[in-house]
Amino acid sequence: MMISGGAGMAEVLVVRQADLLEARRKVVSVDGVEIGIFQVGTDIYAWRNHCPHQGGPACQGKLMKGVEERLTEDKQSLGIHYKDDSLNIICPWHGYEFDVRTGRYDGAGGLRLKGYPVTVRDGGVYVTL
Ligand code: FES
């Protein structure tokens with residue numbers, strides 16, 4: 001891992017972009033902190049691999065579209081559907097779902113994965129800690 005930066009911030013090369021494009025996800029360890037790096041289309045996100053519910057390895061869970069119940073105007077159910085253009089990380093411990101783009105859990109409690117800024121430069125993906 002290459003580290004640069006100063007004043008308490010460190011930019012770390014975590015993965016080559018080509019490797020991430022192929023895998024879509026990499027979980028790396030930087031100074032003992034596990035971070036999940038996710039490629040979604042042309043965007044890249046970095047989340048701490050620590051579920052805010054009870055500390056599970058959220059970033060190693062399945063990736064699935066979110067689901068929603070669609071309703072008519074008079075609130076009759078049209079059934080459960082996968083949300084278009086959504087992608088959630090499912091924590092393997094208890095199944096909480098976190099939006100891979102925002103890190104947010106839609107259920108109660110306002111839970112959210114801790115995120116890190118990502119920079120892509122010269123074919124490398126860098127995370128700022
Ligand atoms: S620890 Fe992740 S859902 Fe409980």
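Ligands are counted one by one from 1 in listed order, and the atoms in each one are counted from 1 as well.
For ligand 1, the atoms sitting less than 4.0 Å from at least one non-hydrogen atom of W93 are 1 (S), numbered in the order shown with element in parentheses. With ligand atoms numbered from 1 in the order given, ligand 1 contributes 1 (S) to contacts under 4.0 Å with heavy atoms of G56. For ligand 1, the atoms closer than 4.0 angstrom to any heavy atom of Q54 are 1 (S). Of all atoms in ligand 1, listed by their number and element, those nearer than 4.0 Å to a heavy atom of Y96 are 3 (S).
The pair K65-E97 does not count as a salt bridge, with every side-chain nitrogen at least 4.0 angstrom from each carboxylate oxygen.
For the pair W93 (side chain) and G55 (backbone), a donor-acceptor distance under 3.5 Å is absent. Although no hydrogens or angles enter the test, the distance criterion places a donor-acceptor pair under 3.5 Å between the side chain of N49 and the main chain of A58.
Checking S29 against E34 by side-chain atom types alone, no donor-acceptor pair falls below 3.5 Å.
When distances to atom 4 (Fe) of ligand 1 are checked against a cut-off of 2.8 Å, C51 contributes no N, O or S atom below that limit. Distance check for C91 against atom 2 (Fe) of ligand 1: an N/O/S atom falls below 2.8 Å.
Taking the six-membered ring for Trp and thresholds of 30 and 60 degrees, H53 and Y96 have nearly parallel ring planes, at less than 30 degrees apart.
Between H53 atom ND1 and H94 atom ND1, the angle centred on atom 4 (Fe) of ligand 1 amounts to 100° (nearest 10°).
Side-chain contact between Y116 and W47 is absent, with no heavy atoms from C-beta onward closer than 4.5 Å.
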